[in-house]
Number of protein chains: 2
Amino acid sequence: MPFTYEYPRPAVTVDCVVFGLDQGVLQLLLIKRNSPPFAGCWALPGGFVDQNETLDAAARRELEEETGLREVFLEQLFTFGDPGRDPRGHTVSVAYYALVRQDRHVPQAATDTSDAVWYSVAKLPKLAFDHQRIISTAVARLQGKVRYQPINFELLPRKFTLTELQGVYEAVLERALDKRNFRKKILAMGLLAETKEKQQGVAHRAPQLYQFDAAKYKKLTKQGFNFEL
Amino acid sequence: MPFTYEYPRPAVTVDCVVFGLDQGVLQLLLIKRNSPPFAGCWALPGGFVDQNETLDAAARRELEEETGLREVFLEQLFTFGDPGRDPRGHTVSVAYYALVRQDRHVPQAATDTSDAVWYSVAKLPKLAFDHQRIISTAVARLQGKVRYQPINFELLPRKFTLTELQGVYEAVLERALDKRNFRKKILAMGLLAETKEKQQGVAHRAPQLYQFDAAKYKKLTKQGFNFEL
DNA sequence: TCAAAAGTGTTAACCATACACCCATGC
DNA sequence: GCATGGGTGTATGGTTAACACTTTTGA
(Lines give C-alpha, C1' and ligand atoms only; values in the text may rest on other atoms or scores of the structure.)
Protein backbone atom coordinates (compact mmCIF):
# COMPACT_ATOMS: atom_id res chain seq x y z
CA MET A 1 0.00 0.00 0.00
CA PRO A 2 1.73 3.16 -1.22
CA PHE A 3 1.88 6.51 0.53
CA THR A 4 1.92 9.69 -1.49
CA TYR A 5 2.98 13.21 -0.53
CA GLU A 6 3.10 16.50 -2.36
CA TYR A 7 6.79 17.00 -1.59
CA PRO A 8 9.59 14.46 -1.27
CA ARG A 9 10.31 13.23 2.24
CA PRO A 10 13.42 11.63 3.62
CA ALA A 11 12.92 8.34 5.45
CA VAL A 12 13.19 8.62 9.25
CA THR A 13 14.92 5.95 11.31
CA VAL A 14 16.22 5.50 14.84
CA ASP A 15 19.51 3.85 15.74
CA CYS A 16 20.61 2.81 19.21
CA VAL A 17 24.12 2.78 20.61
CA VAL A 18 23.80 0.25 23.42
CA PHE A 19 26.50 0.33 26.07
CA GLY A 20 27.10 -2.51 28.46
CA LEU A 21 29.83 -3.64 30.75
CA ASP A 22 31.54 -7.00 30.92
CA GLN A 23 34.34 -7.73 33.36
CA GLY A 24 34.89 -4.00 33.68
CA VAL A 25 35.21 -3.53 29.92
CA LEU A 26 32.88 -1.17 28.06
CA GLN A 27 30.97 -3.05 25.41
CA LEU A 28 28.64 -2.24 22.55
CA LEU A 29 25.77 -4.30 21.21
CA LEU A 30 25.89 -4.83 17.45
CA ILE A 31 23.67 -6.61 14.96
CA LYS A 32 24.81 -8.65 11.99
CA ARG A 33 23.03 -7.43 8.88
CA ASN A 34 21.54 -10.18 6.72
CA SER A 35 20.32 -8.15 3.79
CA PRO A 36 21.75 -5.38 1.62
CA PRO A 37 22.95 -2.75 1.81
CA PHE A 38 25.98 -3.72 3.88
CA ALA A 39 24.86 -7.37 4.12
CA GLY A 40 27.21 -9.25 6.41
CA CYS A 41 28.37 -6.02 8.07
CA TRP A 42 27.78 -5.15 11.70
CA ALA A 43 25.40 -2.33 12.50
CA LEU A 44 23.58 -0.60 15.31
CA PRO A 45 20.13 -1.89 16.20
CA GLY A 46 17.53 0.40 14.69
CA GLY A 47 14.89 0.82 12.04
CA PHE A 48 12.14 2.97 10.64
CA VAL A 49 9.92 5.18 12.74
CA ASP A 50 6.27 4.13 12.46
CA GLN A 51 3.39 6.41 11.67
CA ASN A 52 2.34 8.39 14.74
CA GLU A 53 5.03 6.90 16.92
CA THR A 54 7.20 9.05 19.17
CA LEU A 55 10.93 8.87 18.54
CA ASP A 56 11.56 7.44 22.01
CA ALA A 57 8.95 4.76 21.43
CA ALA A 58 10.47 3.87 18.08
CA ALA A 59 13.91 3.50 19.66
CA ARG A 60 12.56 1.29 22.45
CA ARG A 61 10.55 -0.81 20.02
CA GLU A 62 13.47 -1.40 17.69
CA LEU A 63 15.71 -2.18 20.62
CA GLU A 64 13.35 -4.83 21.90
CA GLU A 65 12.65 -6.28 18.46
CA GLU A 66 16.29 -6.61 17.56
CA THR A 67 17.93 -7.39 20.88
CA GLY A 68 15.22 -8.37 23.34
CA LEU A 69 16.27 -5.57 25.70
CA ARG A 70 13.62 -3.49 27.45
CA GLU A 71 13.32 -0.97 30.22
CA VAL A 72 16.82 0.30 29.83
CA PHE A 73 18.19 3.80 30.25
CA LEU A 74 17.69 5.48 26.87
CA GLU A 75 18.38 9.02 25.78
CA GLN A 76 18.42 10.86 22.49
CA LEU A 77 21.93 11.46 21.22
CA PHE A 78 22.02 13.34 17.93
CA THR A 79 20.38 13.30 14.52
CA PHE A 80 22.33 12.32 11.44
CA GLY A 81 20.89 13.31 8.09
CA ASP A 82 23.60 13.59 5.49
CA PRO A 83 22.07 12.63 2.15
CA GLY A 84 24.81 10.12 1.37
CA ARG A 85 24.62 8.15 4.59
CA ASP A 86 22.24 5.48 3.26
CA PRO A 87 22.73 4.23 -0.32
CA ARG A 88 19.00 3.51 -0.60
CA GLY A 89 18.16 7.19 -0.43
CA HIS A 90 17.94 10.20 1.82
CA THR A 91 17.48 8.91 5.36
CA VAL A 92 17.45 10.90 8.55
CA SER A 93 18.46 8.87 11.58
CA VAL A 94 17.71 9.99 15.11
CA ALA A 95 20.39 8.27 17.18
CA TYR A 96 19.91 7.17 20.79
CA TYR A 97 22.24 5.75 23.35
CA ALA A 98 21.28 3.19 25.94
CA LEU A 99 22.92 1.91 29.11
CA VAL A 100 22.24 -1.68 30.05
CA ARG A 101 22.63 -3.17 33.51
CA GLN A 102 25.17 -5.90 33.72
CA ASP A 103 22.70 -8.45 35.09
CA ARG A 104 20.32 -7.95 32.16
CA HIS A 105 23.05 -8.16 29.63
CA VAL A 106 22.22 -11.37 27.80
CA PRO A 107 20.84 -10.41 24.42
CA GLN A 108 18.24 -13.16 24.01
CA ALA A 109 19.99 -15.25 21.42
CA ALA A 110 16.39 -16.08 20.58
CA THR A 111 15.49 -13.05 18.46
CA ASP A 112 14.62 -14.63 15.14
CA THR A 113 16.42 -12.69 12.44
CA SER A 114 19.52 -11.28 13.96
CA ASP A 115 22.56 -12.18 15.92
CA ALA A 116 23.20 -9.47 18.47
CA VAL A 117 26.71 -9.59 19.86
CA TRP A 118 28.64 -7.57 22.43
CA TYR A 119 31.86 -6.02 21.18
CA SER A 120 34.45 -4.22 23.24
CA VAL A 121 34.32 -0.53 22.35
CA ALA A 122 38.07 -0.66 21.90
CA LYS A 123 37.90 -3.33 19.18
CA LEU A 124 34.95 -2.71 16.92
CA PRO A 125 34.52 -4.42 13.56
CA LYS A 126 33.83 -2.58 10.30
CA LEU A 127 30.42 -0.99 10.56
CA ALA A 128 27.59 -0.30 8.11
CA PHE A 129 26.46 3.19 7.07
CA ASP A 130 27.89 6.01 9.20
CA HIS A 131 27.50 3.94 12.35
CA GLN A 132 31.13 4.34 13.31
CA ARG A 133 30.58 8.08 13.45
CA ILE A 134 27.41 7.67 15.50
CA ILE A 135 29.32 5.51 17.96
CA SER A 136 32.10 8.06 18.29
CA THR A 137 29.52 10.71 19.05
CA ALA A 138 27.93 8.45 21.65
CA VAL A 139 31.22 7.69 23.39
CA ALA A 140 32.03 11.38 23.57
CA ARG A 141 28.60 12.13 24.97
CA LEU A 142 28.87 9.39 27.55
CA GLN A 143 32.28 10.63 28.66
CA GLY A 144 30.92 14.11 29.07
CA LYS A 145 27.69 13.12 30.75
CA VAL A 146 29.24 10.82 33.29
CA ARG A 147 30.94 13.79 34.93
CA TYR A 148 27.83 15.62 35.91
CA GLN A 149 25.10 13.00 35.97
CA PRO A 150 25.07 9.78 37.95
CA ILE A 151 24.28 7.56 34.99
CA ASN A 152 27.08 5.07 35.42
CA PHE A 153 24.91 3.18 37.89
CA GLU A 154 22.83 2.13 34.90
CA LEU A 155 25.69 -0.07 33.80
CA LEU A 156 25.98 -2.01 37.07
CA PRO A 157 23.66 -4.40 38.86
CA ARG A 158 21.36 -2.80 41.43
CA LYS A 159 23.86 -3.62 44.17
CA PHE A 160 27.52 -3.01 43.54
CA THR A 161 30.82 -2.43 45.28
CA LEU A 162 32.70 0.85 45.22
CA THR A 163 35.51 -0.80 43.33
CA GLU A 164 33.08 -1.87 40.63
CA LEU A 165 31.70 1.64 40.41
CA GLN A 166 35.17 3.09 40.14
CA GLY A 167 35.86 0.56 37.40
CA VAL A 168 32.93 1.87 35.37
CA TYR A 169 34.24 5.42 35.59
CA GLU A 170 37.66 4.25 34.57
CA ALA A 171 36.28 2.26 31.64
CA VAL A 172 34.19 5.16 30.39
CA LEU A 173 36.74 7.91 30.96
CA GLU A 174 39.64 5.74 29.84
CA ARG A 175 41.88 6.75 32.70
CA ALA A 176 42.78 5.54 36.17
CA LEU A 177 41.33 7.19 39.27
CA ASP A 178 42.73 7.32 42.79
CA LYS A 179 40.90 4.84 44.98
CA ARG A 180 40.83 6.83 48.20
CA ASN A 181 39.85 10.08 46.57
CA PHE A 182 37.15 8.40 44.52
CA ARG A 183 35.57 6.81 47.60
CA LYS A 184 35.77 9.99 49.61
CA LYS A 185 34.08 12.01 46.92
CA ILE A 186 31.36 9.61 45.92
CA LEU A 187 30.44 8.80 49.51
CA ALA A 188 30.47 12.48 50.52
CA MET A 189 27.65 13.10 48.03
CA GLY A 190 25.39 10.92 50.11
CA LEU A 191 23.80 9.27 47.08
CA LEU A 192 24.94 5.77 47.96
CA ALA A 193 23.17 3.67 50.54
CA GLU A 194 25.02 0.82 52.18
CA THR A 195 23.12 -2.42 51.95
CA LYS A 196 23.38 -5.03 54.65
CA GLU A 197 25.05 -7.38 52.24
CA LYS A 198 28.60 -8.06 51.32
CA GLN A 199 29.79 -9.66 48.15
CA GLN A 200 30.02 -13.44 48.55
CA GLY A 201 32.52 -16.02 47.48
CA VAL A 202 35.53 -13.87 46.73
CA ALA A 203 39.00 -14.97 47.70
CA HIS A 204 39.67 -11.83 49.72
CA ARG A 205 37.98 -9.56 52.20
CA ALA A 206 34.29 -9.33 51.23
CA PRO A 207 33.44 -5.86 49.99
CA GLN A 208 30.40 -3.88 51.07
CA LEU A 209 27.54 -3.61 48.57
CA TYR A 210 25.93 -0.25 47.90
CA GLN A 211 22.80 0.96 46.16
CA PHE A 212 22.21 4.21 44.34
CA ASP A 213 19.53 6.28 46.06
CA ALA A 214 17.63 7.77 43.12
CA ALA A 215 15.01 9.44 45.31
CA LYS A 216 17.66 11.29 47.28
CA TYR A 217 19.35 12.38 44.07
CA LYS A 218 16.10 13.79 42.76
CA LYS A 219 15.48 15.64 45.98
CA LEU A 220 18.98 17.12 46.14
CA THR A 221 18.85 18.11 42.49
CA LYS A 222 15.71 20.13 43.11
CA GLN A 223 17.57 21.95 45.86
CA GLY A 224 20.26 22.96 43.40
CA PHE A 225 22.72 20.19 44.21
CA ASN A 226 25.20 19.52 41.42
CA PHE A 227 26.65 16.09 40.86
CA GLU A 228 30.26 16.45 39.74
CA LEU A 229 32.60 13.61 38.81
CA MET B 1 4.27 16.40 -8.58
CA PRO B 2 3.54 13.67 -6.05
CA PHE B 3 6.07 11.48 -4.29
CA THR B 4 5.17 7.94 -3.42
CA TYR B 5 6.75 5.57 -0.91
CA GLU B 6 6.03 2.01 0.14
CA TYR B 7 5.70 2.97 3.80
CA PRO B 8 4.38 6.13 5.41
CA ARG B 9 6.98 8.77 6.24
CA PRO B 10 6.79 11.62 8.68
CA ALA B 11 7.63 15.04 7.30
CA VAL B 12 11.06 16.34 8.35
CA THR B 13 11.59 19.97 9.26
CA VAL B 14 14.25 22.12 10.90
CA ASP B 15 13.56 24.87 13.41
CA CYS B 16 16.04 27.46 14.63
CA VAL B 17 16.21 29.06 18.04
CA VAL B 18 18.10 32.25 17.30
CA PHE B 19 19.69 33.99 20.26
CA GLY B 20 20.83 37.59 20.15
CA LEU B 21 21.74 40.25 22.61
CA ASP B 22 20.37 43.75 22.89
CA GLN B 23 21.53 46.14 25.59
CA GLY B 24 22.72 43.18 27.57
CA VAL B 25 19.37 41.41 27.37
CA LEU B 26 19.10 37.94 25.84
CA GLN B 27 16.72 38.01 22.88
CA LEU B 28 15.10 35.52 20.56
CA LEU B 29 14.17 35.95 16.93
CA LEU B 30 10.56 35.01 16.15
CA ILE B 31 8.49 34.96 13.00
CA LYS B 32 4.84 35.93 12.69
CA ARG B 33 2.93 33.15 10.96
CA ASN B 34 0.66 34.27 8.15
CA SER B 35 -1.02 30.98 7.28
CA PRO B 36 -2.60 28.16 9.24
CA PRO B 37 -2.04 26.30 11.39
CA PHE B 38 -1.39 28.84 14.14
CA ALA B 39 -1.90 31.80 11.75
CA GLY B 40 -1.11 35.01 13.59
CA CYS B 41 0.97 33.18 16.19
CA TRP B 42 4.68 33.64 16.65
CA ALA B 43 6.98 30.78 15.75
CA LEU B 44 10.59 29.81 15.28
CA PRO B 45 12.08 30.26 11.84
CA GLY B 46 12.21 26.92 10.10
CA GLY B 47 10.75 24.73 7.39
CA PHE B 48 10.97 21.51 5.47
CA VAL B 49 14.20 19.73 4.69
CA ASP B 50 14.78 19.46 0.95
CA GLN B 51 15.63 16.32 -0.90
CA ASN B 52 19.31 15.46 -0.54
CA GLU B 53 20.00 18.40 1.71
CA THR B 54 21.99 18.03 4.92
CA LEU B 55 20.22 19.05 8.11
CA ASP B 56 22.73 21.82 8.75
CA ALA B 57 22.23 23.16 5.26
CA ALA B 58 18.47 23.11 5.67
CA ALA B 59 18.72 25.04 8.92
CA ARG B 60 21.01 27.66 7.36
CA ARG B 61 18.82 27.96 4.29
CA GLU B 62 15.64 28.45 6.28
CA LEU B 63 17.35 30.92 8.55
CA GLU B 64 18.47 33.03 5.63
CA GLU B 65 15.15 32.77 3.80
CA GLU B 66 13.11 33.79 6.78
CA THR B 67 15.38 36.23 8.58
CA GLY B 68 18.14 37.24 6.19
CA LEU B 69 20.78 36.01 8.67
CA ARG B 70 23.80 34.07 7.40
CA GLU B 71 27.14 32.83 8.60
CA VAL B 72 26.07 32.61 12.20
CA PHE B 73 27.07 30.12 14.86
CA LEU B 74 24.66 27.21 14.44
CA GLU B 75 24.51 23.89 16.24
CA GLN B 76 22.06 21.02 16.38
CA LEU B 77 19.99 21.05 19.55
CA PHE B 78 17.55 18.16 19.76
CA THR B 79 14.97 16.40 17.62
CA PHE B 80 11.29 16.65 18.45
CA GLY B 81 9.02 14.06 16.92
CA ASP B 82 5.90 13.61 19.00
CA PRO B 83 3.08 12.72 16.63
CA GLY B 84 0.76 15.42 17.99
CA ARG B 85 3.15 18.33 17.64
CA ASP B 86 1.92 19.45 14.22
CA PRO B 87 -1.83 19.32 13.51
CA ARG B 88 -1.14 18.75 9.81
CA GLY B 89 0.34 15.34 10.51
CA HIS B 90 3.33 13.51 11.89
CA THR B 91 6.30 15.85 11.62
CA VAL B 92 9.78 15.34 12.96
CA SER B 93 11.62 18.57 13.64
CA VAL B 94 15.36 18.75 14.04
CA ALA B 95 15.89 21.83 16.18
CA TYR B 96 18.97 24.04 15.97
CA TYR B 97 20.14 26.96 18.00
CA ALA B 98 22.03 29.92 16.63
CA LEU B 99 24.02 32.73 18.20
CA VAL B 100 24.03 36.03 16.36
CA ARG B 101 26.59 38.77 16.76
CA GLN B 102 25.21 41.98 18.06
CA ASP B 103 26.44 43.99 15.09
CA ARG B 104 24.66 41.72 12.61
CA HIS B 105 21.47 41.75 14.52
CA VAL B 106 19.15 43.61 12.18
CA PRO B 107 16.79 41.08 10.68
CA GLN B 108 16.40 42.52 7.20
CA ALA B 109 12.91 43.92 7.52
CA ALA B 110 13.03 43.25 3.79
CA THR B 111 12.28 39.52 3.77
CA ASP B 112 9.08 39.33 1.77
CA THR B 113 6.65 37.13 3.64
CA SER B 114 7.47 37.42 7.26
CA ASP B 115 8.07 39.87 10.01
CA ALA B 116 10.95 38.67 12.11
CA VAL B 117 11.10 40.34 15.51
CA TRP B 118 13.42 40.13 18.50
CA TYR B 119 11.74 39.25 21.77
CA SER B 120 13.33 39.23 25.19
CA VAL B 121 13.66 35.62 26.33
CA ALA B 122 12.07 36.66 29.60
CA LYS B 123 8.87 37.89 27.93
CA LEU B 124 7.90 35.63 25.07
CA PRO B 125 4.49 35.69 23.41
CA LYS B 126 2.33 32.61 22.90
CA LEU B 127 4.05 30.35 20.45
CA ALA B 128 2.94 27.97 17.71
CA PHE B 129 3.37 24.18 17.84
CA ASP B 130 5.68 22.96 20.61
CA HIS B 131 8.04 25.86 20.05
CA GLN B 132 7.90 26.96 23.67
CA ARG B 133 9.31 23.58 24.63
CA ILE B 134 12.00 23.79 21.99
CA ILE B 135 13.01 27.19 23.32
CA SER B 136 13.20 25.91 26.90
CA THR B 137 15.46 23.12 25.71
CA ALA B 138 17.63 25.63 23.87
CA VAL B 139 17.96 27.93 26.88
CA ALA B 140 18.95 25.00 29.08
CA ARG B 141 21.50 23.88 26.52
CA LEU B 142 22.95 27.34 26.18
CA GLN B 143 23.27 27.68 29.95
CA GLY B 144 25.06 24.38 30.14
CA LYS B 145 27.29 24.93 27.14
CA VAL B 146 28.44 28.37 28.13
CA ARG B 147 30.27 26.92 31.12
CA TYR B 148 32.63 24.75 29.18
CA GLN B 149 32.77 26.26 25.71
CA PRO B 150 33.63 29.81 24.78
CA ILE B 151 30.55 30.41 22.66
CA ASN B 152 29.37 33.58 24.32
CA PHE B 153 31.71 35.54 22.09
CA GLU B 154 29.34 34.71 19.25
CA LEU B 155 26.82 37.06 20.78
CA LEU B 156 29.13 40.08 20.90
CA PRO B 157 30.76 42.17 18.20
CA ARG B 158 34.25 41.06 17.19
CA LYS B 159 35.72 43.56 19.65
CA PHE B 160 34.22 43.89 23.08
CA THR B 161 34.95 45.01 26.61
CA LEU B 162 35.28 42.65 29.56
CA THR B 163 32.22 44.22 31.13
CA GLU B 164 30.21 43.42 28.02
CA LEU B 165 31.45 39.84 28.09
CA GLN B 166 30.57 39.49 31.74
CA GLY B 167 27.13 40.87 30.90
CA VAL B 168 26.58 38.09 28.38
CA TYR B 169 27.41 35.45 30.96
CA GLU B 170 25.10 37.09 33.43
CA ALA B 171 22.29 37.33 30.88
CA VAL B 172 22.64 33.69 29.87
CA LEU B 173 23.18 32.25 33.33
CA GLU B 174 20.66 34.58 34.95
CA ARG B 175 22.86 35.46 37.87
CA ALA B 176 25.39 38.09 38.86
CA LEU B 177 29.11 37.38 38.72
CA ASP B 178 31.90 39.02 40.66
CA LYS B 179 33.73 41.50 38.47
CA ARG B 180 37.25 40.96 39.76
CA ASN B 181 37.02 37.19 39.80
CA PHE B 182 35.49 37.10 36.35
CA ARG B 183 38.30 39.19 34.88
CA LYS B 184 40.99 37.23 36.63
CA LYS B 185 39.66 33.94 35.39
CA ILE B 186 38.87 34.87 31.83
CA LEU B 187 42.19 36.66 31.33
CA ALA B 188 44.13 33.84 32.95
CA MET B 189 42.93 31.49 30.21
CA GLY B 190 44.85 33.52 27.68
CA LEU B 191 42.13 33.36 25.06
CA LEU B 192 41.56 37.08 24.91
CA ALA B 193 43.84 39.38 22.97
CA GLU B 194 43.94 43.06 23.85
CA THR B 195 43.36 45.24 20.84
CA LYS B 196 44.99 48.63 20.54
CA GLU B 197 41.59 50.25 20.74
CA LYS B 198 39.48 51.56 23.54
CA GLN B 199 35.79 52.12 23.42
CA GLN B 200 34.97 55.66 22.28
CA GLY B 201 32.52 58.27 23.38
CA VAL B 202 31.55 57.00 26.80
CA ALA B 203 31.08 59.32 29.75
CA HIS B 204 33.64 57.53 31.88
CA ARG B 205 37.04 55.95 31.61
CA ALA B 206 37.34 54.34 28.19
CA PRO B 207 37.44 50.56 28.50
CA GLN B 208 39.91 48.34 26.72
CA LEU B 209 38.60 46.33 23.77
CA TYR B 210 39.46 42.63 23.49
CA GLN B 211 39.18 39.99 20.81
CA PHE B 212 38.65 36.27 21.19
CA ASP B 213 41.63 34.31 19.87
CA ALA B 214 39.97 31.31 18.21
CA ALA B 215 43.24 29.89 16.88
CA LYS B 216 44.75 29.81 20.34
CA TYR B 217 41.64 28.14 21.71
CA LYS B 218 41.86 25.43 19.08
CA LYS B 219 45.52 24.86 19.84
CA LEU B 220 45.02 24.67 23.59
CA THR B 221 42.03 22.37 23.21
CA LYS B 222 44.15 19.91 21.27
CA GLN B 223 46.60 19.93 24.17
CA GLY B 224 43.85 18.90 26.54
CA PHE B 225 43.03 22.37 27.84
CA ASN B 226 39.56 22.64 29.31
CA PHE B 227 37.62 25.88 29.19
CA GLU B 228 35.61 26.22 32.40
CA LEU B 229 33.26 29.06 33.23
C1' DT C 1 50.61 -18.70 55.20
C1' DC C 2 49.86 -16.70 50.98
C1' DA C 3 47.46 -14.06 47.54
C1' DA C 4 44.15 -10.71 46.47
C1' DA C 5 41.49 -6.97 46.96
C1' DA C 6 39.11 -3.98 50.75
C1' DG C 7 39.39 -0.31 53.37
C1' DT C 8 41.28 3.91 55.48
C1' DG C 9 43.86 9.75 56.67
C1' DT C 10 46.97 13.28 56.14
C1' DT C 11 49.37 16.83 53.87
C1' DA C 12 50.40 20.29 50.50
C1' DA C 13 49.12 22.83 46.48
C1' DC C 14 45.76 24.99 44.21
C1' DC C 15 41.39 27.33 43.31
C1' DA C 16 37.20 29.78 44.38
C1' DT C 17 35.16 33.32 46.88
C1' DA C 18 34.40 37.53 49.13
C1' DC C 19 35.22 42.07 49.31
C1' DA C 20 36.32 48.14 48.49
C1' DC C 21 38.65 51.75 46.62
C1' DC C 22 40.99 54.79 43.24
C1' DC C 23 41.04 56.07 38.19
C1' DA C 24 39.88 58.11 33.78
C1' DT C 25 36.55 60.40 31.10
C1' DG C 26 32.63 63.36 29.41
C1' DC C 27 29.37 66.51 30.62
C1' DG D 1 33.45 68.79 40.16
C1' DC D 2 30.47 65.15 39.72
C1' DA D 3 28.54 61.07 37.89
C1' DT D 4 29.66 56.86 35.60
C1' DG D 5 31.60 52.78 34.93
C1' DG D 6 36.80 50.89 34.47
C1' DG D 7 40.18 48.78 36.57
C1' DT D 8 42.78 46.47 40.31
C1' DG D 9 44.76 42.75 44.93
C1' DT D 10 44.52 40.14 49.00
C1' DA D 11 43.16 36.95 52.48
C1' DT D 12 40.50 32.98 53.67
C1' DG D 13 38.34 28.65 53.29
C1' DG D 14 37.51 24.84 50.66
C1' DT D 15 38.72 21.43 47.21
C1' DT D 16 41.69 18.51 44.81
C1' DA D 17 45.68 15.49 44.39
C1' DA D 18 49.19 12.71 45.85
C1' DC D 19 50.48 9.04 48.46
C1' DA D 20 51.14 3.47 51.53
C1' DC D 21 49.89 0.44 54.77
C1' DT D 22 46.79 -2.68 57.47
C1' DT D 23 42.71 -5.79 57.27
C1' DT D 24 39.91 -9.54 55.90
C1' DT D 25 38.98 -13.60 53.51
C1' DG D 26 39.37 -18.01 50.86
C1' DA D 27 42.25 -21.26 49.02
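In this text, all values refer to a predicted model and were calculated from it rather than measured experimentally. All chains are named by letter (A, B, ...) in the order of the sequence lines, taking the proteins before the strands, and each is independently numbered beginning at 1.
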Apply the side chain to side chain donor-acceptor pair (under 3.5 Å) test between B/Asn181 and each candidate in B/Lys185, B/Arg183, B/Lys184; give the one that qualifies.
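Testing each of B/Lys185, B/Arg183, B/Lys184 against B/Asn181, the sole residue satisfying side chain to side chain donor-acceptor pair (under 3.5 Å) is B/Lys184.
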Provide, to the nearest angstrom, the distance between the [atom1] atom belonging to [X] and the [atom2] atom belonging to [N].
{"X": "B/Tyr210", "N": "D/dG6", "atom1": "OH", "atom2": "P", "answer": "12 Å"}
{"X": "A/Arg183", "N": "D/dC19", "atom1": "CZ", "atom2": "P", "answer": "19 Å"}
{"X": "B/Lys185", "N": "D/dG7", "atom1": "NZ", "atom2": "P", "answer": "20 Å"}
{"X": "B/Glu164", "N": "D/dG5", "atom1": "CD", "atom2": "P", "answer": "13 Å"}
{"X": "A/Gln208", "N": "D/dT24", "atom1": "CD", "atom2": "P", "answer": "14 Å"}

Taking side chain to side chain contact (heavy atoms under 4.5 Å, CB included) as the criterion, tell me which of B/Val17, B/Leu127, B/Thr67 meets it with B/Leu30.
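Checked B/Val17, B/Leu127, B/Thr67 against B/Leu30; only one passes side chain to side chain contact (heavy atoms under 4.5 Å, CB included): B/Leu127.
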Would B/Lys32 and B/Asp115 pass as an ion pair if we require N to O under 4.0 Å?
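So B/Lys32 does not pair with B/Asp115 through a salt bridge.
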Salt-bridge criterion met for A/Lys159 and A/Glu197 (N-O under 4.0 Å):
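A salt bridge links A/Lys159 with A/Glu197.
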Would you say [X]'s side chain and [Y]'s backbone share a donor-acceptor pair under 3.5 angstrom?
{"X": "B/Arg60", "Y": "B/Leu55", "value": "no"}
{"X": "A/Gln211", "Y": "A/Leu192", "value": "no"}
{"X": "A/Glu66", "Y": "A/Gly46", "value": "yes"}
{"X": "B/Tyr96", "Y": "B/Asp56", "value": "yes"}
{"X": "B/Glu194", "Y": "B/Gln208", "value": "no"}
{"X": "A/Glu164", "Y": "A/Thr161", "value": "yes"}

What about B/Phe160 and B/Tyr210, are their ring centers closer than 6.0 Å?
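No.
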Strictly by salt bridge (charged side-chain N to carboxylate O under 4.0 Å, His left out), give each pair with a member in residues 138-156 of chain B just once, sequence neighbours left out.
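As it turns out, the salt bridge (charged side-chain N to carboxylate O under 4.0 Å, His left out) pairs with a partner in residues 138-156 of chain B, which skip direct neighbours, are B/Glu75-B/Lys145, B/Arg101-B/Glu154.
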State which residue, out of B/Phe212, B/Tyr217, B/Phe73, fulfils the ring pair (Phe, Tyr, Trp, His ring centres under 6.0 Å) condition with B/Phe153.
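Filter result, single survivor: B/Phe212.
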Can you check whether A/Arg180 has a side-chain N or O nearer than 4.0 Å to OP1 or OP2 of D/dA18?
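Result: no.
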Using a cut-off of strictly less than 4.0 Å, decide whether B/Thr163 has a side-chain nitrogen or oxygen near OP1 or OP2 of D/dG6.
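Yes, within the criterion.
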Can you list, in residue-number order, the parts of residues 146-153 of chain A that come under 4.0 Å of DNA chain D, counting heavy atoms only?
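By residue number: none to list.
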I need the residues from residues 188-205 of chain B with at least one non-hydrogen atom less than 4.0 Å from DNA chain D; give them sorted by number, or say none.
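Residues of residues 188-205 of chain B that come under 4.0 Å of DNA chain D are, in numerical order, B/Ala203, B/His204, B/Arg205.
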Closest non-hydrogen atom pair, B/Leu44 against B/Ile31:
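Taking every non-hydrogen atom into account, C-CG1, 4.4 Å.
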At the 4.0 Å heavy-atom cut-off to chain B, mark where contacts on DNA chain C begin and end, going 5' to 3'.
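Range of nucleotides within reach of chain B: C/dA16 to C/dG26.
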Can you give me the N/O atom pairs linking the protein to nucleotides 10-13 of chain D at distances under 3.5 Å, or say none if there are none?
| unit_1 | atom_1 | unit_2 | atom_2 | d |
| --- | --- | --- | --- | --- |
| D/dT10 | O4 | B/Lys184 | NZ | 2.8 |

To the nearest 10 degrees, how far apart in direction are the end axes of the helix from C/dT1-D/dA27 to C/dC27-D/dG1, each fit to five base pairs?
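For the helix from C/dT1-D/dA27 to C/dC27-D/dG1, the axes at opposite ends meet at about 0°.
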For DNA chain D, whose closest nucleotide is more 5', that of A/Ala206 or that of A/Asp178?
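The 5'-side residue here is A/Asp178.
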Please determine whether side chain to side chain contact (heavy atoms under 4.5 Å, CB included) holds for the pair A/Thr79 and B/Gln76, giving the CA-CA distance in whole Å, both sets of side-chain angles, and the decisive distance to 0.1 Å.
CA-CA 8 Å; A/Thr79 299; B/Gln76 197 188 110; 3.5 Å; yes
Under a 3.5 Å cutoff, is there a donor and acceptor pairing between the side chains of B/Thr54 and A/Asp82?
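There is no such pair between these side chains.
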